[in-house]
Amino acid sequence: MIATAIQQLLNAAQLGAVYALIALGYTMVYGTIRLINFAHGDIFMLGGFVGFLLVSVIPGLPVAVMIPLAMFITAMIGVMIERVAYRKLRNAQRMSLVITALGVGIFLENLVRILVGPQARQIPAQLPNKVLKLGGGVVITEDKILVILISLALMVILWVFVNRTLIGTAMRAVADNRDAVQLMGVNLNLIIATTFAVGSALAAAGGIFFGQAYSIDPYMGIDLGWKAFIAAVIGGIGSIEGAVIGSFLLAGVEVLTVAYLSSNLKNGIAFGLLIILLLIRPNGIMGRAELKKV
Amino acid sequence: MSILEIKGLSVSYGAIKALEGIDLRIEEGEIVSLLGANGAGKTTALRAISRLLPIQGGDILFQGKSITQVPVHGVVSLGIAHVPEGRGVFPSLTVQENLKLGTWANKRKSAIPDLRQEVYRIFPRLEERKTQLAGTLSGGEQQMLALGRAMMTDCRVMLLDEPSMGLSPLFVKEVFRVIKEINATKGTTILLVEQNANMALKIAHRGYVLETGNIVLEGTSKDLAHDPRVKEAYLGHQ
């Protein structure tokens with residue numbers, strides 16, 4: 001009984017790690033330019049395919065090279081998307097930007113479908129995946145542990161980057177006052193590009209981890225993207241800690257619902273949780289009410 | 001050569017002309033005040049100098065060189081710091097982090113600790129509250145943070161937009177005293193936009209009066225303070 005529960009929590013941690021890697025991109029972009037980047041789920045999908053193509057084209061590419069390389073390539077794609085689709089609209093009404101983001105998402109899904117076909121594929125196992133018996137009947141594979149640990153490490157690095165470096169400080173300042181940031185000598189385009197690069201790189205890691213554990217297809221970003229977006233909102237969009245907490249919470253609720261109730265109830269309970277939480281805390285768990293003195 | 005010279009500067013918002021070709025000249029080490037009513041174009045002039053606004057005509061010279069091709073984020077590294085209207089502090093960052101961002105374009109990294117010490121000496125309140133979020137400071141404290149942050153850029157010219165706006169009389173006095181101190185001790189040149197003409201003329205060496213996009217008067221602060229038109233429109237009868 002307890003063994004099953006622990007087993008389920010480990011599964012939840014793996015799913016939560018993937019959600020968190022995506023949710024961080026939503027929250028970072030929102031945190032700087034107040035845009036819900038609805039194409040972000042599709043960047044996660046792209047990241048999975050970039051990883052898939054890398055291992056297909058270069059057989060024997062070590063995973064320790066493949067993941068960073070795929071993250072880098074996807075980061076550049078993210079920067080390009082911002083440059084081409086969003087930059088010109090930065091001062092336009094919010095709605096134009098949101099519609100554009102939805103359009104970019106549909107474009108990416110169909111582009112990948114045309115290029116590689118609609119079928120689901122699995123990224124061949126790259127991480128070591130011996131089965132470890134933890135005692136009491138709890139079983140875990142090495143890759144699961146690695147996914148959780150690498151994700152947590154990426155989150156810690158991101159937290160340090162955003163909260164302890166000058167570039168990170170500038171990122172946080174952009175949302176507060178775009179004019180004043182530039183008056184400090186900060187190149188706004190550079191900061192926003194960095195935000196997209198970092199968010200896309202994390203999503204790519206998530207895409208690869210997901211593609212190894214399950215499978216990838218051109219539309220995987222829709223479902224996972226929405227879930228991660230919900231996780232970011234539950235945690236308090238704009239907050240890094242919030243995105244991580246929201247992701248693990250959502251994954252926990254989903255996995256436990258499937259295990260103990262019914263898989264049919266999974267989405268209903270996840271979205272229900274969102275509604276209830278937002279009724280109690282409209283700004284999310286870690287969200288602050290807008291703090292501005294005039 | 002003047003440190004800052006504005007020649008025939010024109011700025012429009014769509015069809016509306018905000019500045020119709022104004023000339024300003026500021027010598028190194030001066031405090032120059034730019035007076036005028038609401039909507040006269042004072043803020044527009046500062047935003048044009050720091051390149052936040054595109055200009056339609058004229059030229060802006062810093063130490064004799066045109067800066068109209070410099071991007072917004074390049075202006076501060078030339079030595080021009082702009083404290084915008086409403087102070088422009090970053091409310092969700094701490095006091096320390098606000099000051100740190102002021103050093104972004106400061107190329108003399110070795111000078112930063114001294115600058116910080118100087119800021120804390122002039123504004124002891126900022127040191128007391130350095131780990132506090134700027135959004136939780138009072139209006140006067142936020143203005144001090146904005147001035148301190150501008151000092152961190154190691155600038156030679158400060159553009160100050162209504163530093164006394166919305167402050168209690170006590171803080172207004174304090175802000176003007178500090179501006180004078182920065183000018184006197186660091187030799188920082190200051191272009192001061194103010195509605196509080198009384199106080200501005202007390203600390204400034206010279207002044208310009210802006211009316212609906214045109215300079216209508218200029219002179220030393222003393223002359224301006226005694227000019228009947230200035231008395232009538234900006235100082236009130238005393």
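Residue numbering restarts at 1 for every chain, and letters A, B, ... go by the order of the sequence lines. For clarity, every value in this text was computed on a predicted model and none was experimentally measured.
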Evaluate whether atom [atom1] of [X] has more than 12 neighbouring non-hydrogen atoms of other residues, nucleotides or ligands under 6.0 angstrom away.
X	atom1	result
K17(B)	NZ	no
F72(A)	CZ	no
K65(B)	NZ	no
R90(A)	CZ	yes
F271(A)	CZ	yes

If you take all heavy atoms of N177(A) and G88(B), which pair is closest and at what distance? ND2-CA, 3.4 Å
Between I167(A) and W104(B), is a side-chain contact (heavy atoms from CB on, under 4.5 Å) present by the stated rule, with each step listed? CA-CA 9 Å; I167(A) 295 185; W104(B) 180 280; 4.1 Å; yes
Between atom CG of N163(A) and atom CD of E97(B), what is the distance when rounded to the nearest 0.5 Å? 7.5 Å
How long is the straight-line distance from CG of L101(B) back to CZ of R172(A), given to the nearest 0.5 Å? 8.5 Å
Would you mind checking which part of [X] comes under 4.5 Å of any heavy atom in chain A, side chain (CB onward), backbone (N, CA, C, O), both or neither?
X	answer
V75(B)	neither
L52(B)	side chain
R51(B)	neither

Of all the residues in residues 179-199 of chain A, which have a heavy atom that comes within less than 4.5 Å of a heavy atom in chain B? D179(A), A180(A), V181(A), Q182(A), L183(A), M184(A), G185(A), V186(A), N187(A), I191(A)
Between D176(A) (side chain only) and S92(B) (backbone N and O only), is there a donor and an acceptor less than 3.5 Å apart? yes
Which residues in residues 153-176 of chain B have any heavy atom closer than 4.5 Å to a heavy atom of chain A? none
Side chain, backbone, both or neither: which part of R164(A) has a heavy atom under 4.5 Å from chain B? backbone
